[in-house]
Protein chains: 2
Amino acid sequence: MSFQLDQFLPYRLSIAAAEISSRFAARYAAEAGLSIPEWRVLAHLGHSGAVSVRDITQRVHLDKSVVSRAASRLQEAGYVAKSGHGKDRRLIVLQLTSQGEELMKRLAHVADGFQMDLLALLGEDAQAFKAGLTRLLERSDW
Amino acid sequence: MSFQLDQFLPYRLSIAAAEISSRFAARYAAEAGLSIPEWRVLAHLGHSGAVSVRDITQRVHLDKSVVSRAASRLQEAGYVAKSGHGKDRRLIVLQLTSQGEELMKRLAHVADGFQMDLLALLGEDAQAFKAGLTRLLERSDW
DNA sequence: TTCATAACGTTGCAAGTGCAACGGAGTCAA
DNA sequence: TTGACTCCGTTGCACTTGCAACGTTATGAA
């Protein structure tokens, strides 16, 4: 029996992730015209409060150039405000505007609903699936 | 409690998949200088035998332009042979060369080893994780 | 047969990404 | 204080991708 790509775990994981990301992306694209990096930056800012580009870069797994450009677009759209850091003037402090907060509140609902659909789909495998995901993410040092 | 991106299932899935794909891609890039689309095309051909670009496109979740270009690069590298289809002259039949078969044999070993590492990492969650993945992939009609 | 329609693989092109380089700013030892 | 080094966010650039054409070939109804 030869190697079967469609039984290969990394391949299946990759397809499933792409599929789900794309479906969810369609929802927030319809809601607010956001791209994936923009969604991630917005979502992180919603939880973190005021932070620098570097902080976001480290936490949302995006290159700093991507975060920089996403932040600029979010600023243009009025969802994010940029300001200087008082002590370290290399840093730029990003923060949601009230409009951004409002959008994030709506998107959090959308996201929660989406995740509930997903968990329902996983059914009895949901807990172990989440646990497995955690194992994969923790062992980031191979 | 506000929305937390790093607890959001689609996000975690996406990061884990990207991480694992990238680690595995590094292995076959080192072994044979292949890109992800090239690996997928090669792997599919190894199992399917002679098929058209369209067949591959449908099965490996890549745009036909990506498959077309990957196939051309694989042909240049001597791993794949293109030939015309006898009955339908729109079709191009792709097939591994003996060199391609040999490479695929080696890569199948690498892939199997990688998957075993992955399953070991998942431990007791492995079965349910695979089952969950199957559920996600089956329900592709939302 | 003829002609409109669809399917095949390739190619052109706009958009996004990752990497490297940049100017500006902070740090720390000499 | 100076000067070498590091870090910040932005920008330029090469590369890949997804989509829409295109030429060629097959299909099917009139």
Side-chain angles (χ1 to χ4, degrees), chain A residues 11 14-15 17-19 21-23 25-26 28-29 33-42 44-45 48 50-77 80-95, chain B residues 11 14-15 17-19 21-23 25-26 28-29 33-42 44-45 48 50-77 80-95:
Chain A
Y11 172 75
S14 167
I15 300 303
E19 188 76 23
S21 277
S22 138
R23 291 186 194 286
Y28 54 70
L34 299 183
S35 69
I36 291 183
E38 286 159 16
W39 149 254
R40 288 195 188 172
V41 168
L42 192 84
H44 181 69
L45 284 176
S48 69
V51 290
S52 68
V53 170
R54 177 189 56 134
D55 290 323
I56 300 179
T57 294
Q58 292 173 338
R59 298 198 185 275
V60 301
H61 292 262
L62 294 173
D63 188 80
K64 61 182 182 173
S65 63
V66 175
V67 172
S68 172
R69 290 189 255 247
S72 293
R73 285 191 297 265
L74 289 171
Q75 183 187 30
E76 276 183 53
V80 162
K82 292 185 183 181
S83 55
H85 187 281
K87 302 203 167 172
D88 188 338
R89 290 191 302 179
R90 294 171 302 180
L91 300 178
I92 294 218
V93 175
L94 299 176
Q95 197 170 5
Chain B
Y11 173 75
S14 168
I15 300 302
E19 188 75 23
S21 277
S22 138
R23 290 187 193 284
Y28 54 71
L34 299 183
S35 69
I36 292 182
E38 286 158 17
W39 150 253
R40 288 195 188 171
V41 169
L42 191 86
H44 182 68
L45 284 176
S48 70
V51 290
S52 69
V53 170
R54 178 189 54 135
D55 290 323
I56 301 179
T57 295
Q58 292 173 340
R59 298 196 186 278
V60 302
H61 292 262
L62 294 173
D63 188 80
K64 61 182 181 173
S65 64
V66 175
V67 173
S68 173
R69 289 188 255 247
S72 294
R73 285 191 298 264
L74 289 171
Q75 183 187 29
E76 276 184 53
V80 161
K82 293 185 183 179
S83 55
H85 187 281
K87 303 203 167 173
D88 189 337
R89 290 191 303 178
R90 292 172 303 179
L91 300 180
I92 293 217
V93 175
L94 300 176
Q95 197 170 6

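Note on naming: letters A, B, ... go to the chains in the order of the sequence lines (proteins, then strands), and numbering restarts at 1 for each one.
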**Q.** Atom pair CG/CD1 of B:Leu62 and A:Ile15 - distance to nearest 0.5 Å
**A.** 7.0 Å
Q | Separation between CD1 of B:Ile56 and CD1 of B:Ile92, rounded to the nearest 0.5 Å | A | 11.0 Å
Q) Which residue, B:Arg69 or B:Asp55, contacts DNA chain C at a nucleotide closer to its 5' end, judged by nearest heavy atom? A) B:Asp55
Q | From A:Thr57 atom OG1 to A:Lys64 atom NZ, the distance as rounded to the nearest 0.5 Å | A | 8.0 Å
Q. Hey, does B:Ser72 reach any base, or is it just sugar-phosphate, or nothing, if we go heavy atoms under 4.0 Å?
A. nothing
Q) With a 3.5 Å cut-off and no angle check, do the side chains of A:Ser14 and B:Arg40 form a donor-acceptor pair? A) yes
Q) Should A:Leu74 and A:Leu34 be marked as a side chain to side chain contact (heavy atoms under 4.5 Å, CB included) after you check the CA-CA gap, both sets of side-chain angles, and the distance that decides it? A) CA-CA 9 Å; A:Leu74 289 171; A:Leu34 299 183; 3.9 Å; yes
**Q.** Between P of D:dT10 and CD of A:Gln75, the distance in whole Å
**A.** 9 Å
Q | Interatomic spacing from CG in B:Leu94 to OG in B:Ser83 - rounded to 0.5 Å | A | 8.0 Å
**Q.** Set of residues satisfying side-chain hydrogen bond (donor to acceptor under 3.5 Å, both in side chains) with respect to B:Arg59, sequence neighbours excluded
**A.** none
Q: Could you tell me the separation between the CD1 atom of A:Ile56 and the P atom of D:dG9, rounded to a whole number of Å?
A: 9 Å
Q. Between B:Glu38 (CD) and D:dT17 (C1'), how many Å, whole number?
A. 14 Å
**Q.** Within residues 81-92 of chain A, residues whose heavy atoms come under 4.0 Å of DNA chain D
**A.** A:Lys82, A:Arg90, A:Leu91, A:Ile92
Q) Across the strands shown, which category fits A:Ser52 at heavy-atom distances under 4.0 angstrom: base, sugar-phosphate, nothing? A) sugar-phosphate
Q: Kindly indicate whether the side chain of B:Tyr11, heavy atoms from C-beta on, has any atom under 4.5 Å from the side chain of A:His61.
A: yes
Q) Going 5' to 3' along DNA chain C, which nucleotides are the first and last within contact of chain B (any atom under 4.0 Å from a heavy atom)? A) C:dA7 to C:dG12
